[in-house]
Every structure is written in C-alpha cells, then in structure tokens.
Amino acid sequence: MTTFLAGGTGTPKLLAGASEVFPPTGTTVVGNTGDDVELGGHLVSPDLDTILFMDGGVLDRETWWGIADDGGTTHEELRRLAEEVGLGVGPRYLPEDAQTAGRDIARWRRFSGVGEFMYIGDRDRAVHITRTSLVDEGHTLTEATRTLADAFGLDRDLLPMSDDPVATIVHTPEGPMHFQEWWVARGGEPAVEDVEFRGADDATPTEAVLASLADPVVVGPSNPVTSIGPMTAMDEFRAALDDTAVVAVSPFVGDRVFSGPAAKLMEATGHEASTAGVAEAYPFADAFVLDEDDPTDLDRPIVRTDTALDNGEDSERVARAVAGALEVVAR
Ligand code: GDP
C-alpha cells in the first residue's frame, strides 16, 4: 500500500493517470480539510471532492474542481436573489458566536449562503447535502466520506486528514480571513502576513490516517502551506511522517511554481518560494522527485523527470519517478 497526501490540484493530477504504477486498490489518499467551509449550512470539502469526482469519472478536468457539465441553477438563483435586494455576492461570515456553535467540524469557517460566494454546481451540491446530512445524523467526516466514496464507486481509500476542525486562516493587513475568502473571493489579495491553522493544536489525525501513514507516503506536488501545512500542523501527523518513508514531488521547478498561490504563501510563512524552500518545509521527506530542469541540489536523494502533469502520460512518467524514489528510500 502507498499513501498519498493531497490538496486539490497537484496530487490529483499525479494520480489521474498513475493507475499502472499505483493501482487505486493499493493506494490511500489523505485529503486536506483546512480549505473546507460551511456554506449556507452545507459542508464543502473541496480537496476530498476533487479525488471523489476524479475517481468517480465526473471531475471537471478544466478546473480540477466540481463536476463536468454540471448545472448552476441553484447557485445562479442564490446570487440573483441577493443582488435583487442589494446584498451582493461577497463572502458573508456567520456572526462571531456562531463560528464556534453548531457543527464542531465547521468551526471558524461558517459562511452564510446569501449570494453564495463560491460556485457550487447543482450535482456538486447534492454531495455537500449528503455529506452534511450524514454528519448531522451522527457520522464522522471519515464515515461520511467513505459513504460518498462508495456512491462514486471508488476503489481507493479516501480519508479526510482529521475528524476535528482545522481551518486555514490567512492573516493580512486587512485582518484575518478564511483561505477561501482570500483565494476565491479576493483572488489571492491582499498581501499575506501569516497563515494560521486554527484548531490544529487540539486536532488529531484519525486512526485510519495514522494507520495509512505507516505505509510509504508520497507528498504529491501540493501547496506546501495550505494543502500539506494543515496536516503537519497536527503533532501526531508530523511524528508519523518522521517515522515512515516519505517521497515528495516538488510543485516548483527551481523558483518557478506551476500554478496557484504557493509562492506567495511560502514567503509569508518564512520559506523561500522554491524547491529549496519546499525541502526545508519538509524535513520529514527522505527523497524528492524534481524536474529535470530544476537546478536545485539537496542533501537528500533526488530522482529527476519532467514533472509537468498535463495528461495521463505525464502522470504515469512522474508516478514511475515516484516509485523509483520510494525504492531508493526503502533500500
Ligand atoms: P490546491 O488545493 O488547488 O491549492 O492544490 P494542491 O495543493 O493540490 O496543488 C497546488 C500545487 O500543484 C501548486 O503549488 C502547483 O505548483 C502544483 N502543480 C500544479 N500543476 C502541476 C504540474 O503539472 N506539475 C507539478 N510538479 N506541480 C503542479
């Protein structure tokens, strides 16, 4: 068995065409939940859903989130209603005291559905309603995710990193805001002063996650701050990574990032925005897969390949490099 740590883009892209090398039945994916929100009373887990939809064969591969060809009738009507009465379509937090009331898993990230600031497709919404209702029926997020995985016919284990709330909060000169406000509503502005994983001190990885971390672990080319950071902010998670074989794929080529806000967030959290900075942020990684054009040298074993992940052939090539690095580490 091999365990992959995943955000919503890099690791899914790696897994998308990797089944020859890492058959789904032999892989576990541990998904980040720091990006999750409660929106209009529904729990949205973007990173878990990308894997759910990818393995279920319905993922929108243009965006790497949401269901392909989904309708947006409810979303559009929510925005129309809000705009009709001048309420706008920006993020609207529930009041301060509501942030820690209600469902425990939704702490510090509870948004009103008025004007719905994140796009939720119609079929996508059915997933969020099912997840939320299962949690309200008394199931853990892990159990709700397993049920959804069964509904989408997944062959691999898909695990949320924790059943406890951990919320990624970006601190800016304009004050703190949830990652989804900063990224989705504000397009990655304003400047970031620090990133906080609220709740992480009291959160633990689940038993299922800890068991999966006893297998060799692959940190896909993820955002080290907002996708892997919420996981490693939990002491037990970090300790488990220290005790197991870990291979990491860089989301950078030298100091060039493939996509997303990783560079800005790395700098805001005191790391160089580069492969060297990723290596520093991952002291638990025993080997790295780097791009053949990446000039970085590291104090740990490196396997090189073209790390661009644009199609199934790319995924398979990078997956073979990962398997090679795992062999080096196992020796
Ligand atoms: P998020 O949840 O959408 O923020 O995504 P992840 O954390 O899963 O992945 C974001 C990271 O994936 C970014 O830092 C990108 O640099 C990286 N990434 C995206 N496409 C590629 C690619 O084709 N190759 C590699 N190596 N990394 C990529």
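As the structure lists them, so they are numbered: ligands from 1, and atoms in each ligand from 1. Since this is a predicted model, take the numbers as computed values, not measurements.
Trp65 and Val58 end up in different hydrophobic clusters when Ile, Leu, Val, Met, Phe, Trp and Tyr side chains are linked at under 4.5 Å.
In terms of protein heavy-atom proximity, atom 20 (N) of ligand 1 is nearest to Lys13 NZ, 3.1 Å.
Atoms of ligand 1 found under 4.0 Å from any heavy atom of Asp47, numbered from 1 in the order shown, are 2 (O). Listed by atom number, the atoms of ligand 1 under 4.0 Å from Ala308 heavy atoms are 23 (O). In the vicinity of Asn223, heavy-atom distances shorter than 4.0 Å reach the ligand 1 atoms 6 (P), 7 (O), 9 (O), 10 (C), 11 (C).
Here the two rings, on Phe252 and Phe258, have centers that are 6.0 Å apart or farther.
For Thr226, the closest heavy-atom approach to ligand 1 does not fall below 4.0 Å. In this structure, Ser259 counts as a contact residue of ligand 1, since one of its heavy atoms falls inside 4.0 Å of the ligand.
Checked by distance only, ligand 1 and Gly8 come closer than 3.5 Å through their nitrogen or oxygen atoms. When only interatomic distances are considered, the shortest N/O to N/O separation between Val257 and ligand 1 does not fall below 3.5 Å. On a distance-only criterion, Phe258 and ligand 1 share at least one N/O pair closer than 3.5 Å. Checking only distances, Leu309 does come within under 3.5 Å of ligand 1, N or O to N or O. Distances between N or O atoms of Ser227 and those of ligand 1 include at least one value under 3.5 Å. For the pair Ala262 and ligand 1, the shortest N or O to N or O distance does not fall below 3.5 Å. Of the N or O atoms in Gly10, one or more lie within a sub-3.5 Å distance of an N or O in ligand 1.
In the displayed structure, Glu77 atom CD is contacted under 6.0 Å by more than 12 heavy atoms of other residues, nucleotides or ligands.
Residue Pro221 holds the heavy atom nearest to atom 17 (C) of ligand 1 of all those in Ser250, Pro221, Ser222, Ala6. The closest non-hydrogen atom to atom 14 (O) of ligand 1, taken over Pro261, Pro12, Pro251, comes from Pro251. Among Thr9, Leu5, Ile228, Thr307, the residue whose heavy atom lies closest to atom 5 (O) of ligand 1 is Thr9.
Note on ring orientation: taking the six-membered ring where Trp is involved, the planes of Phe111 and Tyr93 are tilted (angle from 30° to 60°). Ring-plane geometry between Trp182 and Phe179 is classed as tilted, the angle between the planes lying from 30 to 60 degrees on a 0 to 90 degree scale.
Residue Ile105 forms a side chain to side chain contact (heavy atoms under 4.5 Å, CB included) with just one option from Leu141, Val166, Asp36, Thr33, and that option is Leu141. In summary, of the residues considered (Thr132, Thr130, Asp124), a side-chain hydrogen bond (donor to acceptor under 3.5 Å, both in side chains) with His128 occurs for Asp124 alone.
Between the CG atom in Leu158 and the CG atom in Leu154 there is a gap of 6.5 Å [rounded to 0.5 Å]. The OG1 atom of Thr269 sits 13.5 Å away from atom CD of Glu196, with the distance rounded to the nearest 0.5 Å.
Taking 4.0 Å as the cut-off between side-chain N and carboxylate O, Glu38 and Arg109 do not count as a salt-bridged pair.
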